[in-house]
Amino acid sequence: MPHVTSADGTRIAYDREGTGPAVILVGGTLDDGAENAPLARHLADHFTVYNYARRGRGASGNTPPYALAREVEDLDALIATAGGSAHVYGASSGGALALEAAAAGSAIDKIAVWDVPYVIGDDLWPRFNQYLADTHEAYKAGRDEELLELFMRLTGGPDADIATFKQYPIWASSVALAHTLVKDAVILNDYKIPTDRLARITQSVLVTTEGPITQPQLSGLPTDFFDRAAKAITAAIPQTERHTLDGQGHVVAPEVMARVLKTFFNQ
């Protein structure tokens, strides 16, 4: 795979396809770039699309120590390769990374984010604080399977479903990425929306979410979980558009998102 070298020397792997203005796709939770690959194909007739594996994922390196600033530098290296500026689309925690990069001054044109999971509401904090404490303990002990189980229980996965999931090959690949759950919590500011930093963003931002949550694996979250966060993001950033894609799950259909991004990035 092609790669760029980040500021700390870490090799960041990416795929490039298409022609036109540059768009960089930033993956989310437990994703090594594979989730956005179909979206890249749908966008390639209008844009030059860079779909990368965030550090510690897929073919990308994992130089310690980890920090949010290192992931911003990774994105900056891709922007430089793309010609010095680019539109950015970030899904889930990748959306939070895109917003943090814009707030830090990265050369981003327009930003689109999907289902950014900031926690809004006092009703949720006891569970999320316990999750953060438990995952730090499991991470220090190197218990990657436990990290994945904790995350699945947090979002609502029953033990029976977790046991079934373990019988499939995807379990092993998910466990290999489980260490990134702790790092995603860093990207997400321990799930607390960084209102002051988001207020610095001057770019136009499209904030998109699914409608009310209906997926059984997310039944542990309020049905308006992503909508709560989207409203808070929209209130914090000076220039935003807000879209809800009803009928979509947390993994949005690539053809649906491609239509939305083509319209927004071409405005």
Chi angles and distances behind the side chain to side chain contact (heavy atoms under 4.5 Å, CB included) call for F225, T155: CA-CA 11 Å; F225 178 81; T155 59; over 6 Å; no
Derivation and outcome, side chain to side chain contact (heavy atoms under 4.5 Å, CB included), residues L218 and F226: CA-CA 11 Å; L218 297 181; F226 296 112; 4.2 Å; yes
CA sep, side-chain torsions, deciding dist, call: R11, S60, side chain to side chain contact (heavy atoms under 4.5 Å, CB included): CA-CA 6 Å; R11 291 164 61 97; S60 291; over 6 Å; no
Full working for side chain to side chain contact (heavy atoms under 4.5 Å, CB included) between L25 and Y50: CA-CA 6 Å; L25 308 181; Y50 297 80; over 6 Å; no
Verdict with supporting geometry, S93 and R54, side chain to side chain donor-acceptor pair (under 3.5 Å): CA-CA 11 Å; S93 64; R54 288 168 54 191; 3.2 Å; yes
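For the residue pair G33 and N51, the shortest heavy atom distance occurs at O-ND2, 2.8 Å. Taking every heavy atom of both residues into account, G156 and S219 meet most closely at O-OG, 3.3 Å. A pairwise comparison of heavy atoms in Q203 and S106 identifies NE2-O, 3.7 Å as the closest pair. Across all non-hydrogen atoms, the minimal contact from E73 to D8 is OE1-N, 4.4 Å. A pairwise comparison of heavy atoms in R57 and G28 identifies NH1-O, 2.7 Å as the closest pair. Contact detail for M152 and I162: the closest heavy-atom pair is CE-CG1, 3.8 Å.
One finds a salt bridge joining R242 and D227 here, because a Lys/Arg side-chain nitrogen approaches an Asp/Glu carboxylate oxygen to under 4.0 Å. For K166 and E149, the salt-bridge test passes: some basic side-chain N is under 4.0 Å from an acidic carboxylate O. Taking a cutoff of 4.0 Å between a charged side-chain nitrogen and a carboxylate oxygen, E71 and R55 do not qualify as a salt bridge. Salt-bridge formation is not detected for the pair R41/D15: no Lys NZ or Arg NE/NH1/NH2 atom is positioned less than 4.0 Å from an Asp or Glu carboxylate oxygen.
The number of heavy atoms from other shown groups lying within 6.0 Å of CG (D123) is above 12. The number of heavy-atom neighbours closer than 6.0 Å to CZ of R16, taken from other residues, nucleotides and ligands shown, is 12 or below. For K262, the NZ atom sits in a packed shell: over 12 heavy atoms of surrounding residues, nucleotides or ligands are nearer than 6.0 Å. Within 6.0 Å of CZ in R197 there are more than 12 heavy atoms belonging to other residues, nucleotides or ligands.
In this structure, T19 and H46 have side chains that are not in contact, with every pair of non-hydrogen atoms separated by 4.5 Å or more. At a threshold of 4.5 Å between non-hydrogen side-chain atoms, the residues I193 and I233 count as touching. Side-chain contact between V4 and Y52 is absent, with no heavy atoms from C-beta onward closer than 4.5 Å. Side-chain contact check for L181 versus Y139: every heavy-atom pair is 4.5 Å or farther apart. A heavy-atom distance below 4.5 Å is not found between the side chains of Q239 and V205. Put simply, the side chain of P238 does not reach to within 4.5 Å of the side chain of T202, judged on heavy atoms. The shortest side-chain heavy-atom distance between Q267 and K110 falls under the 4.5 Å cut-off.
Taking CG of D184 as the start and OG1 of T135 as the end, the distance is 11.0 Å to the nearest 0.5 Å. Interatomic distance, F165 CZ to I170 CD1, rounded to the nearest 0.5 Å: 4.5 Å. Within the model, atoms CD1 of I12 and CG of L75 stand 10.5 Å from one another, a figure rounded to the nearest 0.5 Å. Annotation: the span from E241 atom CD to T263 atom OG1 amounts to 10.0 Å, rounded to 0.5 Å. Rounding to the nearest 0.5 Å places CG of N62 at 13.0 Å from CZ of R70. We find the CD1-CG distance between I187 and L97 to be 5.0 Å, quoted to the nearest 0.5 Å.
Between H243 and F264, the ring centre distance reaches or exceeds 6.0 Å.
Remark: the T209 side chain and the D115 side chain contain no N/O donor-acceptor pair separated by less than 3.5 Å. For the residue pair K140 and H136, no side-chain donor N or O sits within less than 3.5 Å of a side-chain acceptor on the partner. Side-chain atoms of D74 and S6 include a donor-acceptor pair closer than 3.5 Å.
Cluster annotation: I111 and V252 are assigned to distinct hydrophobic clusters (Ile/Leu/Val/Met/Phe/Trp/Tyr, side-chain heavy-atom contacts under 4.5 Å, transitive). Two different hydrophobic clusters hold V260 and I108 under the rule that ILVMFWY side chains link at heavy-atom gaps under 4.5 Å. Note on Y191 and L30: same hydrophobic cluster, where clusters join Ile, Leu, Val, Met, Phe, Trp and Tyr whose side-chain heavy atoms are under 4.5 Å apart, directly or indirectly. Note on L221: it does not cluster hydrophobically with V251, by side-chain heavy-atom contacts below 4.5 Å among ILVMFWY residues. Linking Ile, Leu, Val, Met, Phe, Trp and Tyr residues whenever their side-chain heavy atoms come within less than 4.5 Å leaves W114 and V88 in two separate clusters.
Within the 3.5 Å criterion, the main-chain N or O of A34 finds a donor-acceptor partner in the side chain of D31. Judged by distance alone, with hydrogens and angles left aside, the side-chain atoms of T48 form a donor-acceptor pair with the main-chain N or O of G20 at under 3.5 Å. In terms of modelled atom types and a separation under 3.5 Å, the side chain of Q215 and the main chain of H250 share a donor-acceptor contact. Counting only distance, with no hydrogens or angles, the side chain of E137 and the backbone of A133 share no donor-acceptor pair below 3.5 Å.
Under a cutoff of 6.0 Å and an axis angle of 45°, K192 and Y118 do not form a cation-pi pair.
Applying the ring-ring contact (aromatic ring centres under 6.0 Å, His included) test to every pair with at least one member in residues 56-107, sequence neighbours left out, gives these pairs: H87-F265.
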